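Report on the following structure.
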Amino acid sequence: MKPGVYGVSISLCFVFFSKRYNTYQSLTARWPMDTGRLSPRRHFNYLLDFDYDSTRDEALLLLEHLFLNSDGFALMLDSSAPLFLRRDPNFGDPLLCISVNNSYPYSSSPKETAAYRGDLKFRLFAGKSAKAVYGIVANQLGLIPKPVGVPASERFFRSPIWTTWNVFSDGGGSNDQKNAFNQENVLKYAEELVTRYGFPNDSTLELHRRWERTYGDLAFDGARFPDPRGMIRKLHSAGHQVTLWSYPNIHTDSPEYPKAVEFFVKEMNSTFSSSSSSSAKFRSSTSKPSPLVINYSDGAGSYVDFSNQAAAEWFVDRLKRFAEFTGVDGFHLNEAVLYDYRGPLGVADPEVARAPSLLTKCYANIAYQLGGGNGGGDHRDHHNDHEGLVVVTDSAFKNQYLPNFVALNAKAGDWSYANGLRSLIPAVLSLSLAGYSFIVPSIIGGGYSGVLEPPPEELYIRWAQATALMTAMKFGLPPWTYSNPRVVQITRELVDLHRRHSDLLVELAWRRVREGAPIIRPLWWAAPDDPAAYKVDDQFMVGDDLLVAPVLVQGATRRRVRLPPGSWADQQGRGPFQGPGDLEVEAPLEVLPYFRRIKH
């Protein structure tokens with residue numbers, strides 16, 4: 001049988017001879033990759049919504065097909081193919097296996113099967129170190145594009161984001177919390193943030209999904225927000241900017257649904273049925289394709305086909321007009337995936353049917369049309385004629401050129417590698433190597449609202465410390481949730497620490513645009529010849545000269561820090577400490593260990 005015939009799979013396996021690093025988001029992020037982990041063969045070009053199942057190792061909302069290892073080799077896969085990934089410990093000789101196959105959940109039509117030849121294409125690169133080979137891939141060859149500019153607003157680099165998601169929870173929270181999400185309480189929350197607790201008045205207030213009655217209405221729920229324009233004016237006068245969660249789908253019970261039928265992803269006339277591990281409803285075949293209707297946890301709806309240029313322009317125009325009318329400053333573009341649907345797609349672009357991750361790319365592209373960026377310029381057909389909107393996406397696929405922030409998935413409120421605090425730095429480093437430098441880390445303390453109880457005070461503080469010197473800080477539960485005033489005090493000091501380093505973050509953002517180097521870097525970036533640096537998963541570099549080593553272990557009040565070559569001074573100016581080498585440091589709860597390079 002020749003390649004391209006339905007059901008034929010071409011596979012290639014690589015042995016883990018050294019430390020290997022991936023550039024996709026998973027719940028159990030490890031740095032380097034956990035080579036002892038068994039991951040069954042799963043699709044690797046079809047982004048998923050996450051279901052907080054840490055036993056799965058699938059690419060979630062952020063994906064790049066690049067792998068690096070500590071010996072200076074890199075592997076880049078052909079992202080236009082229907083890829084599958086399998087990981088196997090292989091009795092001590094770990095394997096990373098890649099295959100292509102035009103079978104479920106990719107397009108299964110004879111036309112598409114014939115159009116795709118089934119070739120497994122990849123590129124291998126070699127350099128003297130992981131840093132050197134990354135430079136070849138990203139800078140010399142441009143396979144990890146530079147952003148066309150920095151985000152239009154620098155506010156995230158300077159002041160926190162406060163989301164209402166955990167405050168007025170609509171996930172696992174009580175009905176009282178859900179009902180409390182209204183105009184009066186949002187204004188009260190914003191006022192207390194500044195006047196009572198002393199946090200900056202130039203923060204961003206992010207309203208979660210219940211601001212509209214149902215998905216896709218693009219209108220404030222009048223019962224909760226009787227005067228949204230007046231509310232936004234008051235928040236602006238207090239110094240805040242306001243962003244809203246927005247979704248790529250419209251629920252069937254929304255009055256907007258009938259107006260958008262022509263723009264939705266269509267169902268495929270295929271042999272797949274709703275029993276094929278899919279949540280989609282399939283209707284009988286008709287001469288005119290029907291929208292693909294997907295069941296969500298709180299309703300059913302259809303996803304806009306962003307590979308259809310007319311649909312994308314319609315979607316962008318709606319958001320622009322809504323922002324102009326209400327005065328809202330921007331949007332958090334959520335869930336650029338078809339929730340938990342797995343199956344063929346009826347979309348305008350046949351390439352998207354073969355590589356469904358491209359639908360995510362098309363969706364994320366609207367961020368540039370909405371928000372643009374400073375120092376932008378055109379990138380192919382992604383010209384922006386509208387400025388001023390703040391845009392965050394929580395998904396991306398080959399969108400590195402976009403000048404907007406990308407948010408990591410919400411994490412569980414615990415200390416573990418299984419989507420807890422220990423997975424935060426590995427996730428940020430993976431995303432950074434994937435080419436996304438403007439990162440909103442996971443909500444401090446864990447943002448998964450299925451957990452009813454707030455995380456312990458210690459975990460909350462250590463989480464805030466871990467993000468204080470990253471590119472943004474995002475709070476769900478506010479620190480005054482805790483009765484202990486020390487939590488508010490320490491958190492306020494960390495927000496101030498972030499602000500004091502904001503000029504550095506902005507400078508590094510511009511360097512990312514000009515030179516291509518990530519803002520947040522792994523330790524081996526500063527120590528490419530130090531074998532020990534390739535094992536460190538609880539430290540990170542901010543540029544070349546700032547080393548951050550937060551405490552990520554419950555109950556710990558000291559930790560070991562691996563210093564790169566050079567002379568270093570700690571957060572209190574003590575030093576010099578010489579690297580490369582290990583250093584034991586005291587780290588009581590109120591202390592975030594970090595070190596500055598001493599330049600002579």
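These numbers come from the heavy atoms of this one structure, side chains and all, not from hydrogens, waters or symmetry mates. Not measured: the values here are computed from a predicted model.
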Inter-residue atom distance [X].[atom1] - [Y].[atom2], 0.5 Å rounding:
X: T467; Y: L424; atom1: OG1; atom2: CG; result: 7.5 Å
X: I425; Y: S432; atom1: CD1; atom2: OG; result: 12.5 Å
X: H501; Y: L497; atom1: NE2; atom2: CG; result: 5.5 Å
X: H240; Y: T204; atom1: NE2; atom2: OG1; result: 9.5 Å
X: L370; Y: L333; atom1: CG; atom2: CG; result: 6.5 Å

Reference residue Y247; test ring-ring contact (aromatic ring centres under 6.0 Å, His included); the match among Y215, Y303, W211: Y215
Kindly say whether [Y] contributes a backbone atom to a donor-acceptor pair with the side chain of [X] at under 3.5 angstrom?
X: S430; Y: P426; answer: yes
X: T214; Y: S254; answer: no
X: Q571; Y: P593; answer: no
X: D305; Y: A348; answer: yes
X: D217; Y: A219; answer: no
X: S423; Y: A29; answer: no
X: R462; Y: L459; answer: no

Can you say whether the rings of [X] and [Y] are parallel (under 30°), tilted (30 to 60°) or perpendicular (over 60°)?
X: Y189; Y: W480; value: tilted
X: F322; Y: F331; value: tilted
X: H332; Y: W245; value: tilted
X: H208; Y: W165; value: perpendicular
X: F438; Y: F157; value: perpendicular

So among H236, Q241, R155, which one has a side chain to side chain donor-acceptor pair (under 3.5 Å) with D329? H236
Indicate yes or no: does [X] engage [Y] in a salt bridge with an N to O separation below 4.0 Å.
X: E324; Y: K320; value: no
X: R158; Y: E154; value: yes
X: E256; Y: R318; value: yes
X: E206; Y: K474; value: yes
X: D496; Y: R492; value: no

Using side chain to side chain donor-acceptor pair (under 3.5 Å) as the criterion, list what pairs up with R422, not counting sequence neighbours. Y417, D537
Show the numbers, then the answer: is there a side chain to side chain donor-acceptor pair (under 3.5 Å) between N419 and N409? CA-CA 9 Å; N419 202 39; N409 66 287; 3.2 Å; yes
For [Y] together with [X], are the ring centres under 6.0 Å from each other?
X: F264; Y: Y257; answer: yes
X: Y460; Y: Y482; answer: yes
X: Y24; Y: F397; answer: no

If you define the side chain from C-beta out and look only at heavy atoms, does anything of L589 sit under 4.5 Å from E458? yes
Side-chain touch L408/L62, heavy atoms, less than 4.5 angstrom: yes
Please assess N365 against N399 for the test side chain to side chain donor-acceptor pair (under 3.5 Å), listing each intermediate value before the final yes or no. CA-CA 7 Å; N365 277 342; N399 299 109; 3.1 Å; yes
Tell me, with the steps shown, if E64 and Q400 meet side chain to side chain donor-acceptor pair (under 3.5 Å). CA-CA 10 Å; E64 181 57 57; Q400 294 95 335; 2.7 Å; yes
Assess whether side chain to side chain donor-acceptor pair (under 3.5 Å) is satisfied between S437 and R512, documenting all intermediate values. CA-CA 8 Å; S437 285; R512 166 74 178 115; 3.2 Å; yes
